[in-house]
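Side chains are part of it too, since the values below use all heavy atoms of this structure and drop only hydrogens, waters and symmetry mates. Only a predicted model underlies this, so the values are computations on that prediction, with no experimental measurement involved.
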Amino acid sequence: MELAIGIILGCCALGAGLAMIAGIGPGIGEGNAVASACEAIGRQPEAKGSVTSTMLMGCAIAETTGLYALVIAILLIFVAPNLLVNILVSTIGG
């Protein structure tokens with residue numbers, strides 16, 4: 001019984017860590033977007049407002065991926081272990 005609970009907790013922690021790897025993508029994507037926006041503003045300074053607003057919208061959309069990963073990781077750390085252990089206990093009856 002204790003081994004099964006340990007495996008559940010370990011797998012939930014491992015899954016949360018893997019979910020947070022998804023936070024790397026938005027950082028790289030937003031960095032590329034800002035670099036391209038700075039380059040575009042440098043080439044055409046009169047289009048600064050249009051480029052900036054488009055860049056901010058793109059960064060906000062890209063950031064949702066990281067936020068979804070954070071929500072999944074929090075659920076795996078705080079919610080899933082309790083649910084899975086309760087299912088295990090009710091199934092085995094220990």
Without placing hydrogens or testing angles, list every side-chain donor-acceptor pair under 3.5 Å for residues 58-76, not counting sequence neighbours.
{"unit_1": "Thr64", "atom_1": "OG1", "unit_2": "Ile61", "atom_2": "O", "d": "2.5"}

| field | Approximate separation, where rounding is to 0.5 Å, of Ser53 OG and Lys48 NZ | value | 12.0 Å
| Hey, is CD on Glu2 packed in by over 12 heavy atoms from elsewhere, all under 6.0 Å? | no
| request: Spell out, yes or no, whether Ile77 and Met20 are grouped together once hydrophobic residues are joined by side-chain heavy atoms under 4.5 Å, including indirect joins. | output: yes
| message | To check you understand the geometry: which heavy-atom pair defines the closest contact between Ala22 and Pro26, and what is its length? | response | O-CD, 2.9 Å
| query | Any side-chain heavy atom of Cys12 within less than 4.5 Å of one from Leu84? | reply | yes
Enumerate, atom names and distances included, each donor-acceptor pair closer than 3.5 Å involving a side-chain atom of residues 30-37, sequence neighbours excluded.
{"unit_1": "Ser36", "atom_1": "OG", "unit_2": "Asn32", "atom_2": "O", "d": "3.1"}

| said: Looking at Gly49, is its backbone amide N or carbonyl O close enough to the side chain of Thr52 to form a donor-acceptor pair, meaning the two atoms are under 3.5 Å apart? | reply: no
| task | Could I get the full list of side-chain contact (heavy atoms from CB on, under 4.5 Å) partners for Ile5, not counting sequence neighbours? | result | Met1, Leu9, Val85, Leu88
| said: When you compare the side chain of Asn86 with that of Ser90, does any pair of heavy atoms fall below 4.5 Å? | reply: no
| query | With the 4.5 Å side-chain cut-off for hydrophobic clustering, are Val79 and Leu14 part of the same group? | reply | no
